[in-house]
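What follows is a set of notes on a single structure, which appears directly below.
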2 protein chains.
Amino acid sequence: MKKALKTPTMKDIARITGVTQATVSYAINDSEYISETVKKRVLDTADELGYIPNLVARNLKKRTTNTIGIVVPDVMNSYYNEMVKYNEKITRELDYFTFICNTMHDADIEDWYIISLIQQKVAGVIICYGLTNRACYKKLYKHNIPFVAIDDEVSDEEGEAPCVLLNNIKGSFLVVQHFISLGIKKIAYCSEPLYNMALRDRYEGFKVAMKEFGLPIKDEMVYIAKEDNEYEKIELGYIATKEILAKGKPEGIFASTDQMAFGVIKRLNELKIKVPQDIAVIGYDNVPFSSVISPSLTTINQPIMTMCIQGTDTLFKVIRREEEIKRKITLEPSIVIRQSAP
Amino acid sequence: MKKALKTPTMKDIARITGVTQATVSYAINDSEYISETVKKRVLDTADELGYIPNLVARNLKKRTTNTIGIVVPDVMNSYYNEMVKYNEKITRELDYFTFICNTMHDADIEDWYIISLIQQKVAGVIICYGLTNRACYKKLYKHNIPFVAIDDEVSDEEGEAPCVLLNNIKGSFLVVQHFISLGIKKIAYCSEPLYNMALRDRYEGFKVAMKEFGLPIKDEMVYIAKEDNEYEKIELGYIATKEILAKGKPEGIFASTDQMAFGVIKRLNELKIKVPQDIAVIGYDNVPFSSVISPSLTTINQPIMTMCIQGTDTLFKVIRREEEIKRKITLEPSIVIRQSAP
DNA sequence: CTGTTAGCGCATTCAA
DNA sequence: TTGAATGCGCTAACAG
């Protein structure tokens, strides 16, 4: 059990200052039961020694940590990393640390991370966009780790947990509605694999809306990717467009994520098909780039900041045992109209 | 000191199996000095109880942890988050955990994170794109936390550390060279604030190359943002373009990052200025979107994957005390020619 | 106010 | 091979 050079501990400070280690602890933790003079002496030598508290020891003693885990499919995806950024900020401001858990929708990686987070004794976990491996929810629940799910619903059987939900059904409805308001009825749909509830709901919402407006859904106008391990999301949209155009002539393409929509537009641009004149395109997520691409992308905006604030807020309430919340919050999306479907 | 419900510990397993806690430890850690029969009994009850080792305790005992910190300016930036993703992957495969430290170039946040990482007793730190607060390097060094700097150089005075460097001077040279090969001599330069070595070197490289090719650098053709707290990078490029066009008529614009280049193109598109016919644009970083935007972006490619592998590899060598490395690795960039400057 | 004491859960030395 | 004992560095009763 070799180890780095020793860093000063409370014991060292105690020895030098001529008090007990407990007294040092009081001083460091600014206890009210300690004289100013002793405190000053202790803190001065602590300073001199460059003392930095050992959180591992403190955590062991307190039987809890000031770390949380954030589980996310892919930090490289614009939509997901926005979530990471906001959450990191909120968490940091509460003096908590964040373990980043990038799962790539892989059930085994999810499992490894959840187990490891439990071992690390994290105070809580934020799960963004759902877990492929549903058994993981049970593990967290069983081991008493508070968690919130953002944009995914956790059933009571999997472990009661607060959720911040987005009305994805409504979002898809807004898309179809907008297409129709443009006089577009031949609408194609493309999506990455239906990994999580959000994607399933978007697809479901599309079907519901089409039905509601009395429009048929033709199989050849729907492209749901099987596996995307080999492709980037953008590439997926590109491929989807190829497939769709090979089989039919839509007037509008609804991509279930902006990333895919970028691929769609890329392909259409290459084919010199005019967007939106020949084919209009609508995405979903309103990632920063959607306003940069040309034509700029009409898309569905999600209140990500609000989702994070609500989610983190709820998580910390549970961590602090202020409430035993199982509340579900549902937020509403809105449509952002830009050039690709004006 | 309230606490969550108790989870089973080695002691519990010991009591139930009728052995000592030490024996349980042997079994769990697969020690060679334990009989198969006892080991099986122990592991079985461990399983039954759903035992999960407490890493906090283990870490305290071993006086080291299996966590590292990754310090990065902004996970929402495509260029930076690629680094996070690769590093997370490599680190996870080594059974290590990653604390994400998002600094937004803020010296205070950097300081908070570095101090906290020391408190958390991380095994090492990966610093991407440099720290604004140079004193932080000294702290890590003083507290004996191994670290590597990626795309930043750490002086010996700040604490000797291995670095993975990129030849940013060369990258800028390639840009200027390419402009000239296109017959473009009136080249404008725009950059976000010169936070780190990479950005300073790119600017420096631009000046050096211009000089080498005998071209003048006019003040009005250079836009270095002062502060960008209020703006997104893309917005910065947008603003920079306004400023530059107000003062002159460049034939080419060199943006020090792709993000800024996107803003440049956005503005030019709005003004119906044709890219590259009227003004050619070259970025830097080769982020995934650079191939998606239209016109697609000519840019400088950085071997990010290699940087991560080299960086992490070096860090873990130091962590394992295999070598006391202070080596500096320099990688070379290359130009990717696309439509914006064909 | 300060010292004494007792662990937190685990790994590891030394005996047996 | 297993048990007993020790301590990692810290917090928090409790006693004085």
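So you know, we letter chains A, B, ... as the sequences are listed, proteins then strands, and number each from 1.
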Under 4.0 Å from any atom of DNA chain D, heavy atoms only: list the residues of residues 35-45 of chain A that qualify, in numerical order.
none
How many whole angstroms separate atom CZ of Arg63(A) from atom P of dC10(C)?
11 Å
Thr98(A) and Arg92(A): CA distance, side-chain angles, deciding distance, side-chain hydrogen bond (donor to acceptor under 3.5 Å, both in side chains) verdict
CA-CA 8 Å; Thr98(A) 303; Arg92(A) 170 168 47 74; over 6 Å; no
Using rotation axes that map the C1' atoms of four end pairs onto the next four (five pairs an end), what angle separates the end axes of the helix from dC1(C)-dG16(D) to dA16(C)-dT1(D), to 10°?
40°
Can you label the angle between the Tyr113(A) ring and the Phe97(B) ring as parallel, tilted or perpendicular, going by 30° and 60°?
perpendicular
For the pair made of CG in Asp12(B) and P in dC8(C), what is the distance, rounded to whole Å?
11 Å
For dG9(D) and Arg58(A) - does any side-chain N or O of the residue sit under 4.0 Å from the phosphate oxygens OP1/OP2?
no
Side-chain touch Leu117(B)/Cys101(B), heavy atoms, less than 4.5 angstrom
yes
Please list, by residue number, the residues of residues 17-32 of chain A whose heavy atoms come closer than 4.0 Å to an atom of DNA chain D; answer none if no residue qualifies.
Gln21(A), Ala22(A), Ser25(A), Tyr26(A), Asn29(A)
Would you kindly give the CE-to-C1' distance between Met10(A) and dC8(C), to the nearest whole Å?
15 Å
Using a heavy-atom cut-off of 4.0 Å across all strands, would you classify Ile34(B) as base, sugar-phosphate, or nothing?
sugar-phosphate
Expressed in angstrom and rounded to an integer, what is the separation of Asn54(A) atom CG from dC10(D) atom P?
5 Å
Under the rule for salt bridge (Lys or Arg N to Asp or Glu O under 4.0 Å), what residues qualify as partners of Glu36(A), not counting sequence neighbours?
Lys39(A)
Going by heavy atoms in the side chains, are Tyr26(A) and Val42(A) under 4.5 Å from each other?
no
Determine the sole option in Asn81(A), Asn102(A), Val84(A) for which the side-chain contact (heavy atoms from CB on, under 4.5 Å) test with Asn81(B) is passed.
Asn81(A)
Can you give me every donor-acceptor pair (side chain of residues 47-58 of chain A, partner residue at least two apart or in another chain, under 3.5 Å) with its distance?
{"residue": "Asn54(A)", "atom": "OD1", "partner": "Val56(A)", "partner atom": "N", "Å": "2.8"}
{"residue": "Asn54(A)", "atom": "OD1", "partner": "Ala57(A)", "partner atom": "N", "Å": "3.2"}
{"residue": "Arg58(A)", "atom": "NH2", "partner": "Asn29(A)", "partner atom": "OD1", "Å": "3.4"}

Which residue in the set Thr312(A), Ile90(A), Thr91(A) passes side-chain contact (heavy atoms from CB on, under 4.5 Å) when paired with Tyr96(A)?
Thr91(A)
Calculate the interatomic distance between Leu60(A) atom CG and dC8(D) atom C1'; express it in whole Å.
9 Å
I need the NZ-P distance between Lys11(A) and dC10(D), as an integer number of Å.
10 Å
Is a donor-acceptor contact shorter than 3.5 angstrom present between the side chain of Lys61(A) and the base of dG7(C)?
yes
Give me the ring orientation class for Tyr80(A) and Tyr129(A): parallel if the planes are under 30° apart, tilted from 30 to 60°, perpendicular past 60°.
tilted
Could you state the atom-to-atom distance from OH of Tyr33(B) to C1' of dA11(C) in whole Å?
15 Å
Value in whole Å for how far the P atom of dA11(C) lies from CG of Asn59(B):
10 Å
Partners passing side chain to side chain donor-acceptor pair (under 3.5 Å) against Asp74(B) (at least two apart in sequence or in another chain)
Lys85(A)
With side chains defined as the heavy atoms from C-beta onward, is the minimum distance between Thr7(A) and Asn144(B) less than 4.5 Å?
no
